[in-house]
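Quick notes on the structure that follows.
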Amino acid sequence: MAAAARRSRGGAAAPGLLLLLLLLLGLCAGRAGGRQLRYSVREELPHGAFVGNVASDLGVDPRRLAARGARLTSGSDRQYLELELDRGALLVRERMDREALCELSPSCFLSLELVIEQPIEVHNVEVEVLDINDNAPRFPRQDYRLDISESAVPGARFHIESAQDPDVGTNSVQSYQLSPSHHFALDLKGFQRGSKLLELVLQQPLDREQSALQQLVLTAVDGGDPPKSGTAQISVRVVDTNDNPPAFDRSTYTVSLLENAPLGTLVVKLNASDPDEGSNGDVIYSFGSYTPQKVRQLFSVDPHSGEVRVNGTLDYEEASSYEIYVQATDQGPVSMAGHCKVLVNIVDANDNVPEVVLTSLYSPVPEDAKAGNVVALMSVTDQDSGRNKQVSLRIPPGLPFALNSFKNSYTLITQGNLDREKAASYNITVTATDSGSPPLSSQKVIHVEISDINDNPPHFEEPAYSVYIPENNPLGVLLCTVKATDPDVAKNAYVSYSLLDGDIEGLPVTSYVSIKSDNGNIYAVNSFDYETLREFQVVVQAQDAGIPPLSSTVTVHVYVTDENDHAPQILYPTSTNNSAALEMIPRSANAGYLVTKVIAIDGDSGQNAWLFYHLVQTSDSDLFRVELHSGEIRTTRKLGEESTPTFNLTVEVRDNGEPAMSSSVAITVAVVEGTPAAQASVGSENGALLRSYAE
Ligand SMILES: *[C@@H]1O[C@H](CO)[C@@H](O)[C@H](O)[C@H]1NC(C)=O
Ligand SMILES: *[C@@H]1O[C@H](CO)[C@@H](O)[C@H](O)[C@H]1NC(C)=O
Ligand SMILES: *[C@@H]1O[C@H](CO)[C@@H](O)[C@H](O)[C@H]1NC(C)=O
Ligand SMILES: *[C@@H]1O[C@H](CO)[C@@H](O)[C@H](O)[C@H]1NC(C)=O
Ligand SMILES: CC(=O)N[C@H]1CO[C@H](CO)[C@@H](O)[C@@H]1O
């Protein structure tokens, strides 16, 4: 084993000086019997490993070593080496760790003294502990974390601590390797200059949105054989910068919406994504500046959910589509915005009722109008579109009208006969119904007047009139009123009355009655006498004022009724010059003797001619009585011898009229002394008279 001093690479001045001193001492001691022994041994050898043969190097008989009390001494407590006395060999006693013994110094020596007695000799033994690559490089920390903004530019440098390897020389860290990375490279120039820091250099820009975390593995390799290595994990967290605008899935969204969509109906849920982080990626939705004010009132955009909802009343008839510009803005310090357009097509709902517009109305319609006569022109409008705009019209059945249509125009025409007297006007309900689902309809009432045509003659209320007029009527008395009505109107219904010409008993009608033309009052022109004219007829005509006029007639029967206008006329007995009529009666006349018979007639008829006879005055109150109906005057008893020669009677004849009329006759009855023959002659005379009046 050649003992050779090695120069320490670290170049510690003090140990070198010490070594030189020891050498000088050794040489001196050698001269005085001490020798300098040098060995080298690899660290980490086990107990018993051979280091060198001291005996042979000193030229000492190993068998005597024990006897001479040879021993090793060292300054330290720990004995790493021992002397095997049998062979005189220096052996490893305890395993040595160079790095523990000498830490980082490049060379490591153990200094011992070998003491041999008889004679005493002291030899310096210097054992160099040789490094083996028993340590792997180690980074101070296993994991490193780097926060790098994604806006960092290529060339930016980031420091990493270098790895430590307690071994020395080539066994220490010789190189570094970085796991493959597009973005980072390792700059070892500093390391090669002896710096403890390594530098990561950014090669390409980072994009957090592509990869927010980059895992790098840094490996330190020593120069041992075999080499050892140590690794550190480098987590590169890419710190977001607001470098992405929010982006909508599409630039235009097309949505169909029913026009009567209720408030709050979701139109579309927009979704703008922003890959940035945190507030850089928080998206707020709002109307874009191109959005018209009207649209802003009708729709709402939820700033957070991006929901576009209906917030007003949509009317297809007002606008069939809307363009809503929506922007999405992120909340980065310098915010970015994305835009999209929502095209809302409004789908027509059947929300407008059809409307009937009356363009012309030809009213009134004459009642004699022929079928097909145009009464009204109408048009129909419906603000909806498509089927919702298809409208049909109808009128109720059973009317003398019909509808004709041409496109959107309708004519109302007559159909069948009109009769103003049955229906003077019509309220025709026109119903317009569209074809929507459900259909909507509206109604319009067309008021049609029917104008009059003189198609009705006046009509008398009675088929015939009978008038009963008492005779002796005053002139101009109202006999009766005839009335005719005319269902037409105005002049066509203006009725005037007149008498038709004719003769009554050879005289014109007008000398009997007159009529007031405007009210049908019929007056007597004459005073009628029942006894000369008991009845007659006149014909009254009623005529309207139409052109041409129509008329009708009625017969008025006039019956003259009897009045008690004649007093009874006494034909027998007659009294002249207020002197009483004279009648004879024989003194021998028995009771019941017919004195005379009063004969009277009456010019009236009927009851007015019924006559009643009364004895109203008599000088002998109970000798005579008058038969009520026949007028016969008879005695009630036999005359006495002592009776007066004459009797004064007054007989009244009264008719049955109301009031009754009467006449009276005074009769003087003279009593004669004679035979009943005279009585017989009187009786026959009376009988002749009675006969002549009965005829
Ligand atoms: C938006 O779209 C993205 C992908 O396009 C999806 O991951 C996300 O869940 C959507 N957000 C909403 C609120 O719908
Ligand atoms: C919705 O409309 C109402 C009334 O027009 C208005 O007060 C409200 O602000 C609107 N909402 C939005 C979100 O625009
Ligand atoms: C038509 O309507 C008017 C107004 O409502 C009414 O006065 C009239 O009597 C009606 N006519 C008919 C024939 O129903
Ligand atoms: C009736 O009386 C008048 C005078 O008063 C007289 O002149 C006349 O002759 C009388 N007649 C008879 C029939 O007596
Ligand atoms: C009985 C009686 O009174 N007789 C009288 C009837 O009337 C005449 C004439 O007036 C008288 O002279 C009688 O005396």
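FYI, the numbering just counts along the sequence from 1. The shown structure was predicted, so the numbers you read here are calculated from the model rather than taken from an experiment. As the structure lists them, so they are numbered: ligands from 1, and atoms in each ligand from 1.
Contact annotation: the side chain of L270 approaches that of C340 to within less than 4.5 Å [non-hydrogen atoms, C-beta and beyond]. Counting heavy atoms from C-beta on, the side chains of L399 and Y426 come closer than 4.5 Å. By the 4.5 Å heavy-atom criterion applied to side chains, Q569 and S663 are not counted as neighbours.
Applying the side-chain hydrogen bond (donor to acceptor under 3.5 Å, both in side chains) definition to pairs two or more places apart or across chains, those involving residues 352-366 are E317-N352, N352-D384.
Pocket lining of ligand 3, defined as residues with a non-hydrogen atom under 4.0 Å away: S425, N427, H447.
The side-chain contact (heavy atoms from CB on, under 4.5 Å) test with E150 singles out one residue from E209, Q210, E277, and that residue is E209.
Taking the six-membered ring for Trp, H629 and Y613 have ring centres at least 6.0 Å apart.
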